[in-house]
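Comments concern the structure below.
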Amino acid sequence: MEALALTNVSDPSFRKEIEEKYRILDPAKRSFFQTCLTCGTCAAGCCFNGAVDNMDPRKFIRKILLGLKQSTLDDIFVWNCNCCGRCTMECPMGIDMGGVVRTVRGNFGLTAPGTLQLVANTHLETGNQMGVSVEDYLDTIDWMQEELQEELGDPNFRIPMDVPDCDFLFIPHPREIKYYPEDIKTWTKIFTAAGAKWTLSTKAFDVTNFGLFNGRDDEATKIFQITVDAMRELNAKRLVCTECGHGYWAFKFGAKAWIPVDFPILHMVEYLAEILREGKIQVDKSKNTEIVTLHDPCNTVRKGGVVEEPRYVLSQVCENFVEMWPNRQYNYCCGGGGGALAMGDTIKPYRMAKGKLKAEQIRTTGAEICCAPCHNCYDQLNDINKEYQLGLKVKHIFQLVEKAMVWEYKPAE
């Protein structure tokens, strides 16, 4: 009778629907559903399975394979999954669980909880997720430029804007413009000390893409197009994005899945490692004496492959760098990925419960500073810091680099 009841609610075409709508990077994995061994390795690999309810990827994939369409669409796992990729890393068949989740999110009439969809809408309407106007953007740049002119003793110093044919176009996060303008000064100092030929754009100044989170590839493509157009208009050789994990992965993913591009895409930490290795900036690690640990963002490490660069940078600019355990691609997700930070009260209890694992991981290191080379992780770690009273400072890596720099500014002749 149970088997008969199952046939009455199952939809054999559901699996095929997902396959057809799944935005594939590797064509060899098109029929990935058929490769599931039901072994449960994904469930064992998920660091949150058992820590919070409704976090079993094996159950989710089995629902799809059994054709339980409505049950799948109603499952909180669709939004609770952080798409961190740890289960995929462990899966013997390499099934892309995060890709499955975002396909279900964006192709079956679902709307994300909280403000996630609103943020995507704002980006589509205004060109950035926070609705910062070009006028406010330029006012903030001018404000920071004036402060740099005073600090550097050069009234002619300029933060480059819309300069063509540069070595790279830098894409910031709009929060750096709206809430953390001092960061503008920080990375400008680094680029200036390195002698970089770089520019900002008045048309593309948002590294984020919430189309990655809501699963709507049409929206994600339009958002990605903003940056692609700016790169082509300015004829920049490379794109360097600020320390935003999901933004970096959206660029890398988008270059394969949404709009093919031929320009290199670098995370800020990759660029910092490059200029340190090439001796373009000089640093003194004794300027950073606190105990520093590193959080490995899922999107930059497991998905993007930026693993050793942050470690190299921190080893050069800090006296006391200590690793979390586990680390690198085995590190735990902070619990804020997959758009969770924008999903409001529905997901926040899960987010904070997941954060306990990261809090314990950080506390064990004895660190005074936790570096988070990702704005999404940065916010989640600050919430964890308050929730579990860690007494930490959460910082970006570029902030420690700028503090360690030894340089003397020389005005252009």
Side-chain angles (χ1 to χ4, degrees), residues 85 89 167-168 170-171 183 186-196 198 207 237-249 251-252 264-334 358 361-362 365-378 381 392-407:
M89 184 181 72
D167 292 333
F168 67 89
F170 185 71
I171 306 294
D183 286 350
T186 301
W187 34 256
T188 297
K189 287 179 183 178
I190 294 171
F191 300 155
T192 302
W198 68 288
V207 67
K237 295 182 179 67
R238 301 191 293 178
L239 183 152
V240 177
C241 69
T242 195
E243 291 185 25
C244 178
H246 109 255
Y248 171 73
W249 179 241
F251 284 152
K252 298 287 278 190
I265 298 168
L266 277 73
H267 187 276
M268 176 67 152
V269 175
E270 292 179 289
Y271 177 76
L272 294 174
E274 178 183 296
I275 59 177
L276 280 166
R277 287 194 176 105
E278 294 177 359
K280 291 184 176 179
I281 59 171
Q282 304 301 314
V283 292
D284 177 3
K285 64 172 62 179
S286 70
K287 292 186 176 184
N288 289 309
T289 59
E290 295 116 316
I291 302 171
V292 177
T293 194
L294 171 68
H295 167 67
D296 286 291
C298 307
N299 283 307
T300 54
V301 176
R302 264 192 290 278
K303 298 179 183 179
V306 183
V307 181
E308 297 305 325
E309 290 87 347
R311 291 168 168 80
Y312 171 74
V313 173
L314 289 175
S315 72
Q316 298 299 302
V317 303
C318 300
E319 281 193 332
N320 296 296
F321 168 52
V322 296
E323 291 274 18
M324 294 187 201
W325 184 260
N327 55 57
R328 294 172 169 82
Q329 67 267 35
Y330 293 97
N331 202 350
Y332 301 141
C333 172
C334 65
K358 179 59 64 175
Q361 194 186 24
I362 294 171
T365 67
E368 299 163 273
I369 295 173
C370 180
C371 276
C374 168
H375 270 279
N376 192 77
C377 300
Y378 184 94
L381 288 171
L392 274 177
K393 297 175 186 175
V394 181
K395 290 185 175 290
H396 294 296
I397 291 177
F398 66 75
Q399 293 169 330
L400 298 188
V401 171
E402 190 271 332
K403 184 179 178 182
M405 279 197 320
V406 178
W407 71 299

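A distance of 4.0 Å separates CE in Met324 from SG in Cys370, rounded to the nearest 0.5 Å. Note that the CZ atom of Arg277 and the CG atom of Leu272 stand 11.0 Å from one another [nearest 0.5 Å]. Between the CG atom of Asn288 and the CD atom of Gln399 there is a distance of 10.5 Å, given to the nearest 0.5 Å. Here the CG atom belonging to Leu400 is positioned 10.5 Å from the OG1 atom belonging to Thr186, to the nearest 0.5 angstrom. Within the model, atoms CZ of Phe168 and CG of Leu266 stand 9.5 Å from one another, a figure rounded to the nearest 0.5 Å. Rounded to the nearest 0.5 angstrom, Leu314 CG and Glu319 CD are separated by 13.5 Å.
Salt bridge annotation for Glu274-Arg238: present, with a cationic side-chain nitrogen under 4.0 angstrom from a carboxylate oxygen. Taking 4.0 Å as the cut-off between side-chain N and carboxylate O, Glu308 and Arg328 count as a salt-bridged pair.
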Take Glu368 and Asn320 through the test side-chain hydrogen bond (donor to acceptor under 3.5 Å, both in side chains) and record every step on the way to the result. CA-CA 10 Å; Glu368 299 163 273; Asn320 296 296; over 6 Å; no

Stepwise side-chain contact (heavy atoms from CB on, under 4.5 Å) test for Thr365 and Ile291: CA-CA 9 Å; Thr365 67; Ile291 302 171; 5.8 Å; no

Are Lys252 and Val306 close enough, and set up right, to give a side-chain contact (heavy atoms from CB on, under 4.5 Å), and what steps lead you there? CA-CA 12 Å; Lys252 298 287 278 190; Val306 183; over 6 Å; no

Using the rule given for side-chain contact (heavy atoms from CB on, under 4.5 Å), can you reason through Tyr330 versus Met89, listing the C-alpha separation, both sets of side-chain angles and the distance that settles it, and then say yes or no? CA-CA 9 Å; Tyr330 293 97; Met89 184 181 72; 3.5 Å; yes

Before giving the answer on side-chain contact (heavy atoms from CB on, under 4.5 Å), spell out for Ile397 and Leu294 the whole-Å C-alpha distance, their side-chain angles and the decisive distance to 0.1 Å. CA-CA 9 Å; Ile397 291 177; Leu294 171 68; 4.0 Å; yes

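Listed here is the closest heavy atom pair of Asp167 and Lys237: O-CB, 3.4 Å. Considering all non-hydrogen atoms of both residues, Ile190 and Ile281 come closest at O-CG2, 4.2 Å. For His267 against Tyr248, the heavy-atom pair with the smallest separation is N-CE1, 3.4 Å. For Asn299 against Gly245, the heavy-atom pair with the smallest separation is CB-O, 3.2 Å. Counting all heavy atoms, side chain and backbone alike, Val292 lies closest to Cys318 at CG2-SG, 3.9 Å. Nearest heavy atom pair, residue Lys287 against residue Met405, reads NZ-O, 3.0 Å.
With sequence neighbours excluded, the residues satisfying salt bridge (charged side-chain N to carboxylate O under 4.0 Å, His left out) with Lys280 are Glu278. Judged as a side chain to side chain donor-acceptor pair (under 3.5 Å), and not counting sequence neighbours, Lys285 has no contacts.
Although no hydrogens or angles enter the test, the distance criterion places no donor-acceptor pair under 3.5 Å between the side chain of Glu270 and the main chain of Glu309. Proximity of a side-chain donor or acceptor of Asp296 to a complementary backbone N or O of Asn331 within less than 3.5 Å is not detected. Formation of a donor-acceptor pair under 3.5 Å by the Thr293 side chain with backbone atoms of Val322 is found in this model. In this structure, Ser315 contributes its side chain and Tyr312 its backbone to a donor-acceptor pair below 3.5 Å. Not a single donor-acceptor pair under 3.5 Å links the side chain of His295 to the backbone N or O of Lys358. Between the His396 side chain and the Cys371 main chain, no donor and acceptor come within less than 3.5 Å of each other.
Annotation: side chain of Pro326 is in contact with side chain of Gln361 (closest heavy-atom distance under 4.5 Å). A heavy-atom distance below 4.5 Å is found between the side chains of Phe251 and Ile171. For the pair Thr300 and Glu243, the minimum side-chain heavy-atom distance is 4.5 Å or more. A heavy-atom distance below 4.5 Å is found between the side chains of Trp407 and Thr192.
In summary, the aromatic rings of Phe170 and Tyr271 are positioned with their centroids too far apart to meet the 6.0 Å limit.
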